[in-house]
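Computation of the quantities below employed the complete heavy-atom set of this structure, encompassing side-chain atoms and omitting hydrogens, waters and symmetry-equivalent molecules. Proteins come first, then strands; the chains are lettered A, B, ... in the order of their sequence lines, and each starts at number 1. Note that the structure is a prediction, hence the values are computed from the model and not measured.
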Amino acid sequence: MIRPFAEREADWQQRWEAEGAFNVALDGDRAHMYVLEMFPYPSGRIHMGHVRNYSIGDAMARYWRMRGVDVLHPIGWDAFGMPAENAAIKHGRPPAEWTYENIRTMRGQLRRLGFSYDWSREIATCHPEYYRHEQAVFLDMLERGLAERRKTHVNWCDHCETVLANEQVIDGLCWRCDNEVRQKEMDGWFLRITAYADELLEGLDTLDEWPDKVRTMQRNWIGRSEGVQIRFPLEGVDAELEIFTTRPDTLYGVTYMAISPERTDLDQWMPEANRAAVAELRQRMASGDVAEDEKVGVDTGLRAKHPLTGQVVPVWAASFVLAEYGTGAVMAVPAHDQRDWEFARQYDLPVKVVIDPAESSAWSPEESAWEGAGTMVDSGPVNGLPNDEAWQKIADAVEQQGVGQRTVQYRLRDWGVSRQRYWGCPIPVIYCDDCGIVPVPREQLPVRLPEDVEVVAGGGSPLARRKDFVETTCPQCGRAARRETDTFDTFIESSWYFLRYLSPRDTERPVDPDLARRWMPVDHYIGGVEHAVLHLLYSRFFTRVMRDLGYIELDEPFRHLLTQGMVIKDGAKMSKSKGNVVDPDDMIARYGADTTRLFILFAAPPEKDLDWQESGVEGMARFLGRVERVFTRSLHSLEQRRDGETREAFADLGRQLHVTIDRMTSDIEKRFQFNTAIAALMELLNAWSLAIGEGAELNSDEASTVRELVETYPRLLAPFAPHLAEELWQVAGGEGFVAHASWPQADPARLVAERVEIPVQVNGKVRGRIEIAPGAPKEQVLEAARSHPNVARYLEQGTLIKEIVVPDKLVNLVVRNG
RNA sequence: GCCGGGGUGGCGGAAUUGGUAGACGCGGUGGACUCAAAAUCCAUUGGUGGUGACAUCGUGGGGGUUCGAGUCCCCCCCCCGGCACCA
């Protein structure tokens with residue numbers, strides 16, 4: 001008997017769990033595959049985005065398991081983070097309690113969805129046995145100079161009361177709360193991701209199974225540019241102005257210099273009046289008085305000497321010059337840089353043309369800058385050269401004269417990881433008045449985060465108020481000292497969790513190198529594209545760091561990346577604020593997990609956004625109902641026999657089954673296109689349903705086809721609707737779990753049809769169809785095509801000049817009008 | 001502005017290597033079953049013309065290559081995503 005969905009789903013989930021059906025031993029000798037979905041933040045409840053993410057991953061995991069591969073498919077919790085603190089403030093409960101309760105709730109939801117996780121490997125990053133290893137890795141980084149403490153301008157979110165990394169500022173707003181981010185000068189810990197900039201960039205070329213989109217975003221984010229640093233001596237003072245340019249070819253076109261007003265180091269050389277003006281501009285910018293795209297500047301009174309020509313040009317302080325990029329100063333070539341041009345316009349500075357665009361161009365320096373290629377003019381020794389050659393020549397000259405050198409600049413900044421928050425991993429350092437920064441000795445790890453705290457609004461980090469946490473003794477001198485009260489950016493936990501799943505209870509080390517050698521990289525990594533330059537960049541960095549620290553031998557953590565689209569309803573992303581949220585639990589209760597998962601996989605290919613339509617869910621429930629009925633009728637039919645001819649509807653059914661297997665196999669394995677795999681399953685059911693009718697009696701041919709369908713269909717369904725598949729498998733007398741059964745194999749001999757219908761075109765338009773035997777000789781096919789009555793009609797109207805035959809596909813007859 | 005991805009029926013989407021455009025599902029229409037409804041089953045469903053066989057138009061717009069173009073090339077329009085004073 002096939003039981004109602006609620007009953008059967010609960011039962012199969014319980015049986016899978018009781019038998020540890022999806023636990024995997026990592027030391028087997030079979031082929032292996034690591035399928036991973038981005039782990040969730042335990043925010044309270046699973047949402048449809050999660051269901052989509054995990055349904056995709058589970059389909060892949062289940063498929064490969066049936067292919068006889070050892071599949072590692074773990075799950076865990078990205079459990080540190082701000083929402084826990086906000087909830088604590090709101091409800092007066094410690095963040096730990098709130099977090100663990102959410103994990104319980106969400107774990108239950110995931111179980112009700114029937115995902116095939118190895119639950120024995122579950123991790124939560126807020127657990128001391130997880131973060132102790134992270135602290136150890138940080139100490140290693142500290143020793144290697146890959147982690148440093150610095151005072152700099154940082155991104156500060158007033159709402160979250162913490163610092164943000166550059167990657168976490170989206171369009172000037174906080175990635176988490178959309179609050180405006182402002183600059184603030186602070187001490188903090190930085191990880192030297194810039195030391196890996198080139199490697200991270202080059203590594204992208206090896207990631208040929210990543211979407212181009214993500215690789216491009218990372219490339220842009222790293223922002224490598226090759227150029228030249230050039231020193232301009234300042235007139236009358238003992239100082240130089242160093243600039244970075246990617247256009248040394250335009251060096252002879254410099255008419256002024258521009259520095260960031262935030263630079264204070266040159267103040268001492270400026271005439272008093274100018275110094276005051278620069279200070280005022282600095283003040284205006286700090287108070288947000290100068291708009292983002294506004295170009296404001298003042299003359300600093302300083303004069304720079306051109307290193308090649310000796311010409312003297314003014315130095316301006318200009319709002320458009322970024323303090324953090326390059327040297328915080330630029331040489332301005334208004335004729336060949338639009339930004340310099342606009343500034344020159346505004347302040348009536350001279351424009352000097354040094355590149356003559358191709359004669360075809362009607363460019364005028366009165367109207368805009370010319371940033372394109374051309375021939376050098378008014379540039380001393382390089383006159384007449386194409387500008388790309390001049391680029392190298394001038395760079396050579398600069399280097400030979402000792403006034404500068406070729407360099408590479410990056411947009412990427414070091415990763416600021418200090419967070420002035422409580423619910424995160426403690427940074428394992430101690431501050432001693434005498435010894436300075438002292439790492440926590442390794443035998444004292446983990447530095448535990450006290451969990452019994454009270455969090456209050458606007459009170460800053462509760463850690464700073466906990467004397468029992470802050471007050472300690474210096475490991476070096478033994479005198480009273482203070483612990484660091486900032487915690488790590490929670491993106492650190494997610495930068496290595498995929499390694500931890502291999503040996504989640506290992507107390508000795510973060511990762512088992514032998515298992516990592518065998519199981520890494522992750523074969524299929526599935527998650528949202530929103531992490532393109534956050535989690536995915538950090539993880540690539542951290543993997544390399546752990547490699548260089550000797551933990552693993554691995555460059556790239558994720559082989560194939562699948563970025564799934566959003567879940568949309570009524571034209572907008574599902575969100576509480578839009579009020580268009582569909583609750584997964586509600587769907588499970590009304591339609592069951594199988595229907596919900598199947599709909600999600602069917603409604604759109606994984607990378608595209610998915611439009612949630614209740615009618616579509618109902619359609620999917622109908623489909624599964626039909627599967628049950630056709631299946632039951634088939635079992636009934638198999639008990640009755642008749643003599644006589646095989647009926648038309650059965651004739652091709654066996655072949656269709658094998659075509660379906662073939663299509664689904666490539667859809668899942670190569671194309672990751674589950675919507676068409678499911679469509680194929682539906683088509684097969686339609687043909688089967690038509691044949692079996694209300695439960696017809698069968699002759700022996702028909703019976704063997706139906707027998708094959710009954711034995712195969714549950715297996716084809718298993719990656720998508722695992723509960724019903726188990727139920728059907730059991731009813732049909734299958735051994736063990738269908739989840740452990742073998743994926744059906746298409747028999748190539750049975751894919752071939754006896755007859756195929758192909759279109760016959762005349763001048764590219766379909767004028768008839770003929771039925772032929774597959775592989776029929778060309779002449780025979782043409783003969784049939786020409787004698788088709790409707791085709792013949794068109795042939796009569798002209799002369800046949802060309803005949804094209806695509807074997808078993810199409811015939812095209814070309815006729816010239818006569 | 002630059003980079004990336006798109007634009008196909010009433011809707012979600014198929015079309016894998018240049019070879020039958022619209023698979024599959026939703027929705028619609030007609031019918032069967034029923035006292036009736038629901039559920040289910042069957043048929044039909046891109047537009048236009050035609051009783052029909054068929055014809056004709058049709059994959060954002062315009063041009064091109066080809067026996068043949070949703071797919072390749074050129075120009076343009078629109079939508080989505082990313083970056084954006086990065087020197």
Asker: Give A:R224 one of three labels, base, sugar-phosphate or nothing, depending on what nucleic acid heavy atoms sit under 4.0 Å from its own.
Answerer: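 No contact.
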
Asker: Check step by step if side-chain contact (heavy atoms from CB on, under 4.5 Å) holds for A:R663 and A:H658.
Answerer: CA-CA 9 Å; A:R663 278 174 58 186; A:H658 283 263; over 6 Å; no

Asker: Can you tell which of B:rG19, B:rA87, B:rC54 lies closest to the side chain of A:K809?
Answerer: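 Taking heavy atoms from C-beta onward, the closest nucleotide is B:rG19.
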
Asker: Could you check which of B:rC86, B:rG19, B:rC26 has an atom nearest any side-chain atom of A:R622?
Answerer: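 In terms of side-chain proximity for A:R622, the closest of B:rC86, B:rG19, B:rC26 is B:rC26.
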
Asker: Check step by step if side-chain contact (heavy atoms from CB on, under 4.5 Å) holds for A:L813 and A:Y794.
Answerer: CA-CA 10 Å; A:L813 304 174; A:Y794 286 89; over 6 Å; no

Asker: Which part of the nucleic acid, if any, lies within contact of A:Q229, taking any heavy atom under 4.0 Å across all strands shown: a base, the sugar-phosphate backbone alone, or nothing?
Answerer: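 No contact.
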
Asker: For the side chain of A:A679, counting heavy atoms from C-beta on, which of B:rA87, B:rU20, B:rC24 is nearest?
Answerer: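 Within the option list, the nearest is B:rC24.
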
Asker: Select one nucleotide: of B:rA87, B:rC42, B:rC24, the one nearest the side-chain heavy atoms of A:M682.
Answerer: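 Of the options given, the side chain of A:M682 lies nearest B:rC24.
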
Asker: Any base atoms under 4.0 Å from A:Q761, or only sugar-phosphate, or nothing? Heavy atoms, all strands.
Answerer: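 Base: the residue A:Q761, judged by heavy atoms under 4.0 Å, touches a nucleobase.
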
Asker: Please confirm whether A:F672 and A:H560 have ring centers closer than 6.0 angstrom.
Answerer: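 Yes, ring centres under 6.0 Å apart.
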
Asker: Treating primed atoms plus P, OP1 and OP2 as sugar-phosphate and everything else as base, which nucleotides of nucleotides 7-18 of chain B get B, S or - for protein heavy atoms under 4.0 Å?
Answerer: ----SBSSSB--

Asker: Under 4.0 Å, counting only non-hydrogen atoms across every strand here, what does A:N790 touch: a base, just sugar-phosphate, or nothing?
Answerer: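 The answer is sugar-phosphate, as A:N790 gets under 4.0 Å only of primed atoms, P, OP1 or OP2.
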
Asker: What does A:V529 touch in the nucleic acid at a heavy-atom separation under 4.0 angstrom: a base, only the sugar-phosphate, or nothing?
Answerer: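 No contact.
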
Asker: Let me know the distance between CZ of A:R411 and C1' of B:rC85, rounded to the nearest Å.
Answerer: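 In whole Å, B:rC85 C1' and A:R411 CZ are 12 Å from each other.
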
Asker: Using whole Å, what does the distance between atom C1' of nucleotide B:rU66 and atom CG of A:L810 come to?
Answerer: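 In whole Å, B:rU66 C1' lies 14 Å from A:L810 CG.
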
Asker: Using every non-hydrogen atom in the two residues, find where A:A317 and A:L281 come nearest and quote the distance to one decimal.
Answerer: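 Minimum heavy-atom separation between A:A317 and A:L281: O-CD2, 3.8 Å.
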
Asker: Measure from the side chain of A:Y794, starting at C-beta and using heavy atoms only, and say which of B:rC54, B:rA84, B:rC26 lies closest.
Answerer: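 Comparing B:rC54, B:rA84, B:rC26 against the side chain of A:Y794, the answer is B:rC54.
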
Asker: Side chain of A:M217: nearest nucleotide among B:rA87, B:rG27, B:rG82?
Answerer: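 When the side chain of A:M217 is considered, B:rG82 is the closest of B:rA87, B:rG27, B:rG82.
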
Asker: Measuring from the side chain of A:R767 (C-beta onward, heavy atoms only), which nucleotide among B:rU56, B:rC54, B:rA21 has the closest atom?
Answerer: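 Nearest nucleotide to the side chain: B:rU56.
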
Asker: What is the distance, to the nearest angstrom, from the NE2 atom on A:H336 to the C1' atom on B:rC85?
Answerer: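 My rounded result for the distance is 19 Å.
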
Asker: Does this structure show an ion pair linking A:R224 with A:D198, if we count only N-O contacts that are shorter than 4.0 Å?
Answerer: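 A:D198 and A:R224: salt-bridged.
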
Asker: Please report the shortest heavy-atom distance between A:L610 and A:I600, naming the atom on each side.
Answerer: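 A:L610 and A:I600 have their closest heavy atoms at CD1-O, 3.1 Å.
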
Asker: Verify the contact: side-chain N or O of A:R629 to OP1 or OP2 of B:rC41, cut-off strictly under 4.0 Å; return yes or no.
Answerer: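 Answer yes for this pair, as a side-chain N or O of A:R629 is under 4.0 Å from OP1 or OP2.
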
Asker: Please compare A:E618 and A:G764 by the position of their nearest nucleotide in RNA chain B and report the one closer to 5'.
Answerer: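 Residue closer to the 5' terminus by nearest nucleotide: A:E618.
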
Asker: Would you classify A:R626 as touching base, sugar-phosphate or nothing, given that sugar-phosphate means primed atoms plus P, OP1 and OP2, and contacts are heavy atoms under 4.0 Å?
Answerer: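 Counting heavy atoms under 4.0 Å across all strands, the contact made by A:R626 is with sugar-phosphate only.
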
Asker: Measuring from the side chain of A:K213 (C-beta onward, heavy atoms only), which nucleotide among B:rG4, B:rC86, B:rC26 has the closest atom?
Answerer: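 Minimum distance to the A:K213 side chain belongs to B:rG4.
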
Asker: Under 4.0 Å, heavy atoms only, any strand: does A:K295 hit a base, just the sugar-phosphate, or nothing?
Answerer: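 Result for A:K295 = base.
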
Asker: Just checking A:G619: base, sugar-phosphate only, or nothing, at a heavy-atom cut-off of under 4.0 Å?
Answerer: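 It contacts sugar-phosphate atoms only.
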
Asker: Tell me whether A:R247 forms a cation-pi arrangement with A:W391, defined as NZ or CZ under 6.0 Å from the six-membered ring centre and within 45 degrees of its axis.
Answerer: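 The answer is no; the distance or angle limit is not met.
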
Asker: Checking all strands, does A:V814 fall into the base, sugar-phosphate, or nothing category for heavy-atom contacts under 4.0 angstrom?
Answerer: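 It contacts sugar-phosphate atoms only.
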
Asker: Map A:V290 and A:M620 onto RNA chain B by nearest heavy atom, then report which one ends up closer to the 5' terminus.
Answerer: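 Here A:M620 is the residue nearer the 5' end.
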
Asker: Which is true for A:L690 with a 4.0 Å heavy-atom rule: it touches a base, it touches only sugar-phosphate, or it touches nothing?
Answerer: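 The residue A:L690 makes sugar-phosphate contact but no base contact.
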
Asker: Over 60° means perpendicular and under 30° means parallel, so classify the ring planes of A:F343 and A:Y347, tilted if in between.
Answerer: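 It falls in the tilted class, 30° to 60°.
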
Asker: What integer distance in Å separates A:N686:CG from B:rU40:P?
Answerer: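 A:N686 atom CG is separated from B:rU40 atom P by 14 Å.
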
Asker: Between A:E803 and A:R786, is there a salt bridge with N-O shorter than 4.0 Å?
Answerer: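 Salt bridge between A:R786 and A:E803, a charged N being under 4.0 Å from a carboxylate O: yes.
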
